[in-house]
Engineer: 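The structure follows.
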Amino acid sequence: MNLMTMEHLTKYYTERMLFEDTSFSINSGEKIGIIGINGTGKSTLLRIAAGVEEPDEGTVIGNRNLKIRYLPQNPEFAEGETVLSYVMSRNEITDEITRFSMEADARAMLNRFSIPNHDAPVQELSGGQRKRLALAAVLLSEADLLILDEPTNHLDSEMAGWLEEFLKGFRGALLMVTHDRYFLDSVTNRIVEIDKGKLYSYSTNYLGFLKLKEEREAIMEAAERKRQSILRVEIQWMMRGARARSTKQKAHIARYEELRDQKAPEIGDKKVQFTSASSRMGRTTIELEHLSKSYGDKKLMEDFSYIFLKNDRIGIIGHNGCGKSTLMKMIMGLVQPDRGTITIGQTIKIGYFSQENEFMDDSQRMIEYIRDQAEYVKTPEGVITASQMLERFLFPRHVHYTRIEKLSGGEKRRLYLLRILMQAPNVLILDEPTNDLDIQTMTILEDYLDSFDGIVIAVSHDRYFLDRVTRRIFAFEENGRLVQYEGGYTDYEQTIRARQEETADGSMGKASSVVSASGPVSLENQKPSGRQGNGRTHAVKIRFSYKEAKEYETIEEDIAGMEDRIAAIEEEMTKKASDYSALNKLMEEKETLEAELLEKMDRWEYLEELAAKIEAQK
């Protein structure tokens, strides 16, 4: 059954065209994910569907008595509201029994979303807590159609998993914008892409959309090749000077002109080009020694030590409010630890991508904001201007003097990220980088991080991003403990699941790593525990992650190759002892290689120790 139909939609935002004469419908039971790059109108489409904004042209027709509940990207709250009163006021209450039941459900939902103080004024909540409060109110409401704008923002992984199951079981229709690719793939049965003012619908989940979009673009490319081929023939005919007096020849000319005037299809999305030079990194990176931090009675971390290795890819996870952002701010020097020391190497240059778009003045024009950082940017390809860099980040030249306040939330995040990368950092600290960034931008950022010559430290709840980027996870656990897990988020999740299964069997073994101040650490020595009841012994299995297994296969060859190169450099240095310029370059290369070799040897020792323990289990 059709719930809502939008026909001939046209919408402009200032001078930018968002939709042009396009149509869209929502049917009962559909779970629709809206995707597209920032600034294409995803949130605007949701607002039009929710009835809080009107299109410039076109009609929106919904079923009579259609109950819609809408979660905006940035919810607004009335002055003086408390947490519980906000939720209760947005639900229909007919009698005391309904009120009692609704209040119980509301308190349970608020606790699930880590909002424990139900009598607190809404104004005292953090931005993340406000978004979760608005989400709780929407989910508790009776609805035929849920319209959710970035519902997974500010949710930790456990909350996102719960919401995923809730929406899969929701009997009504769903229309949402989200950047969470695992979430999209699991929940949706239809993807609608906004691309250059048009809507393209795919009756499938996110993975199916990727395949179908590729097929659609291949068909469009084939059609364009055919048009160009026919056009070449027609041009040749026209150039032969054929007379156009007969009806047949006039029709031929008309066909040529029609082919000539057709617009070629724009295939694929423009790509954000994250290319910037990074600063050279010396031997000392970032060293954390015995850090402890508490706020009142709440202990965030206790005696945490770690030395970041060159090219580390670290993911930081944990419940909301556990201290993830506080740890990042301590590294930046914005928050001081209660105990412990933080040493930052002299050559370390940190690019800090915070959650708050710090140092962004909405009254500034885009080009001014970028020029405040640098007029010219050094990239691997050469030097380019700030204006050219803006164009690479999908900001066309005619919008460069637009004030920042006119940008969408996602466009502001993209502009902020550009400014961070223009600093040529060799350490990137990314605090919830996926919030408000579109999927296409995230994909290119992930590709950029693959080749980034430096350390990446990412706080994120985005499971796909963590799997794609990180090679080591630090999880905030009970009593301020940060526990190290090798691999990405899926590897971490599998380890936790195995631990829970062992607990259920009554014989949990210690399978987690303990953090050390000396870099990579080995698993604790321990004997597998037995299990009573069926006479069998069930051991906690230590195993390589997929990445570790691949690394272990080639690491000895890598070490041998590095040693051979160092020997060759030393021989070359002997030959060029009188050539100061060449000798200086060789010495720099040798120092870099020797530092990398030390790191590789540390890694080899760790993998050898792990391999020996795996073998001992057989």
Engineer: Given side chains that start at C-beta, do those of Leu327 and Leu482 come closer than 4.5 Å, heavy atoms only?
Structural biologist: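 A side-chain contact under 4.5 Å exists here.
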
Engineer: Which residue in the set Tyr352, Phe353, Tyr369 passes ring pair (Phe, Tyr, Trp, His ring centres under 6.0 Å) when paired with Tyr416?
Structural biologist: Phe353

Engineer: How about Leu46 and Leu175: do any of their side-chain heavy atoms sit closer than 4.5 Å?
Structural biologist: yes

Engineer: Are Glu302 and Arg339 ion-paired here, with the side-chain N under 4.0 Å from a carboxylate O?
Structural biologist: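 Result for this pair is yes, salt bridge flagged.
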
Engineer: Hey, which of Glu548, Glu553, Lys547 is the one that makes side chain to side chain contact (heavy atoms under 4.5 Å, CB included) with Lys550?
Structural biologist: Glu553

Engineer: Side chains of Asp303 and His290: do they bring a donor and an acceptor to under 3.5 Å?
Structural biologist: yes

Engineer: For this output row, return yes or no: ring centroids of Tyr206 and Phe183 closer than 6.0 angstrom.
Structural biologist: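 No: the rings miss the under 6.0 Å criterion.
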
Engineer: Any chance you could lay out the side chain to side chain contact (heavy atoms under 4.5 Å, CB included) test for Asn91 and Ser141, step after step, and finish with the verdict?
Structural biologist: CA-CA 6 Å; Asn91 288 276; Ser141 305; 3.3 Å; yes

Engineer: Between the main-chain N or O of Ser186 and the side-chain N or O of Lys168, is there a donor-acceptor pair closer than 3.5 Å?
Structural biologist: no

Engineer: Please tell me if the side chains of Val177 and Leu148 come closer than 4.5 Å, counting only heavy atoms from C-beta onward.
Structural biologist: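 The answer is no; the side chains never approach within 4.5 Å.
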
Engineer: State whether Arg90 and Glu81 are salt-bridged, where the test is any N-O pair (Lys NZ or Arg NE/NH1/NH2 against Asp/Glu carboxylate O) under 4.0 Å.
Structural biologist: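 Salt bridge: yes.
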
Engineer: With a 4.0 Å cut-off, would you call Arg283 and Glu599 a salt bridge?
Structural biologist: no

Engineer: Assess, by modelled atom type and distance only, whether the side chains of His118 and Asn111 contain a donor and an acceptor separated by less than 3.5 Å.
Structural biologist: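 Their side chains do contain a donor-acceptor pair, which is all the 3.5 Å distance test asks for.
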
Engineer: For the pair Lys131 (side chain) and Glu150 (backbone), establish whether a donor and an acceptor sit closer than 3.5 Å, ignoring hydrogens and angles.
Structural biologist: yes

Engineer: Check Glu103 with Arg99, please: is the shortest side-chain N to carboxylate O separation under 4.0 Å?
Structural biologist: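 Looking at Glu103 together with Arg99, the answer is no, because their closest N to O distance does not fall below 4.0 Å.
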
Engineer: Sub-3.5 Å donor-acceptor pair from the side chain of Asn426 to the main-chain atoms of Thr347, do we have one?
Structural biologist: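 Yes, the answer is positive, given that a donor and an acceptor are paired below the 3.5 Å cut-off.
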
Engineer: Quick one: does any side-chain atom of Asp491 pair with a main-chain N or O of Gly488 as donor and acceptor, under 3.5 Å?
Structural biologist: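 Yes.
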
Engineer: For Trp162, is there any backbone N or O sitting under 3.5 Å from a side-chain donor or acceptor partner on Glu165?
Structural biologist: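 It does not hold such a pair.
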
Engineer: Is there side-chain contact between Leu133 and Tyr86, with heavy atoms separated by less than 4.5 Å?
Structural biologist: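 In short, these two side chains touch, coming nearer than 4.5 Å.
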
Engineer: Would you find a donor on one side and an acceptor on the other, under 3.5 Å apart, between the side chain of Arg132 and the backbone of Phe113?
Structural biologist: yes

Engineer: Are a donor atom and an acceptor atom from the side chains of Gln346 and Thr284 found within less than 3.5 Å of each other?
Structural biologist: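 No, no side-chain donor-acceptor contact under 3.5 Å.
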
Engineer: Would you say Lys31's side chain and Met176's backbone share a donor-acceptor pair under 3.5 angstrom?
Structural biologist: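 No; judged by distance alone, with no hydrogens or angles, the pair does not exist.
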
Engineer: State whether the side chain of His461 and the backbone N or O of Thr152 hold a donor-acceptor pair below 3.5 Å, judged by distance alone.
Structural biologist: yes

Engineer: Side chains of Thr434 and His179: is there a donor and an acceptor less than 3.5 Å apart?
Structural biologist: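 Side-chain D/A pair, Thr434 to His179: present.
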
Engineer: When you look at Arg181 and Asp467, which way does the salt bridge (Lys or Arg N to Asp or Glu O under 4.0 Å) test go after all the steps?
Structural biologist: CA-CA 12 Å; Arg181 285 154 285 186; Asp467 273 344; over 6 Å; no

Engineer: Asp372 and Gln364: side-chain hydrogen bond (donor to acceptor under 3.5 Å, both in side chains), yes or no, with the steps?
Structural biologist: CA-CA 10 Å; Asp372 281 350; Gln364 267 193 309; 2.7 Å; yes

Engineer: For the residue pair Leu607 and Ile555, establish whether any side-chain heavy-atom pair is separated by less than 4.5 Å.
Structural biologist: yes

Engineer: Can you name the one residue among Asp462, Asp447, Thr443 that meets side-chain hydrogen bond (donor to acceptor under 3.5 Å, both in side chains) with Arg468?
Structural biologist: Asp447

Engineer: Looking at Arg413 and Gly409, would you say the former's side chain and the latter's main chain have a donor-acceptor pair under 3.5 Å?
Structural biologist: no

Engineer: Just checking, is any N or O donor in the side chain of Asn38 or Gln440 under 3.5 Å from an acceptor N or O on the other one?
Structural biologist: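 No, no side-chain donor-acceptor pair sits under 3.5 Å.
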
Engineer: For Glu164, is there an ion pair with Arg463 - N to carboxylate O distance below 4.0 angstrom?
Structural biologist: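 Judged by the 4.0 Å cut-off on N to carboxylate O distance, Arg463 and Glu164 do form a salt bridge.
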
Engineer: How are the rings of Phe308 and Tyr306 set relative to one another: parallel (under 30°), tilted (30 to 60°) or perpendicular (over 60°)?
Structural biologist: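 Phe308 and Tyr306: perpendicular rings.
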
Engineer: Say whether, by atom type as modelled, one donor and one acceptor occur between the side chain of Glu609 and the main chain of Tyr606 under 3.5 angstrom.
Structural biologist: no

Engineer: Take Lys299 and Arg481 through the side chain to side chain contact (heavy atoms under 4.5 Å, CB included) test and state the conclusion after the steps.
Structural biologist: CA-CA 9 Å; Lys299 184 186 294 183; Arg481 292 174 59 244; over 6 Å; no

Engineer: Whether the Glu493 and Thr490 side chains hold a donor-acceptor pair (N or O, under 3.5 Å, no angle test) is what I'd like checked.
Structural biologist: no

Engineer: Does Arg603 form a salt bridge (Lys or Arg N to Asp or Glu O under 4.0 Å) with Glu486? I'd like the steps, not just the answer.
Structural biologist: CA-CA 12 Å; Arg603 186 65 178 165; Glu486 295 304 305; 3.6 Å; yes

Engineer: Any side-chain heavy atom of Leu71 sitting closer than 4.5 Å to one from Asp149?
Structural biologist: no

Engineer: Measuring only between side-chain heavy atoms, which start at C-beta, is Ile286 closer than 4.5 Å to Val427?
Structural biologist: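 Touching, per the 4.5 Å side-chain cut-off.
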
Engineer: Does Arg471 pair with Asp312 as a salt bridge, N-O distance under 4.0 Å?
Structural biologist: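 Between Asp312 and Arg471 there is no salt bridge, as every charged N stays at least 4.0 Å from the carboxylate O atoms.
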
Engineer: Between Lys412 and Asp362, is a salt bridge (Lys or Arg N to Asp or Glu O under 4.0 Å) present by the stated rule, with each step listed?
Structural biologist: CA-CA 9 Å; Lys412 288 180 180 179; Asp362 277 1; 3.3 Å; yes

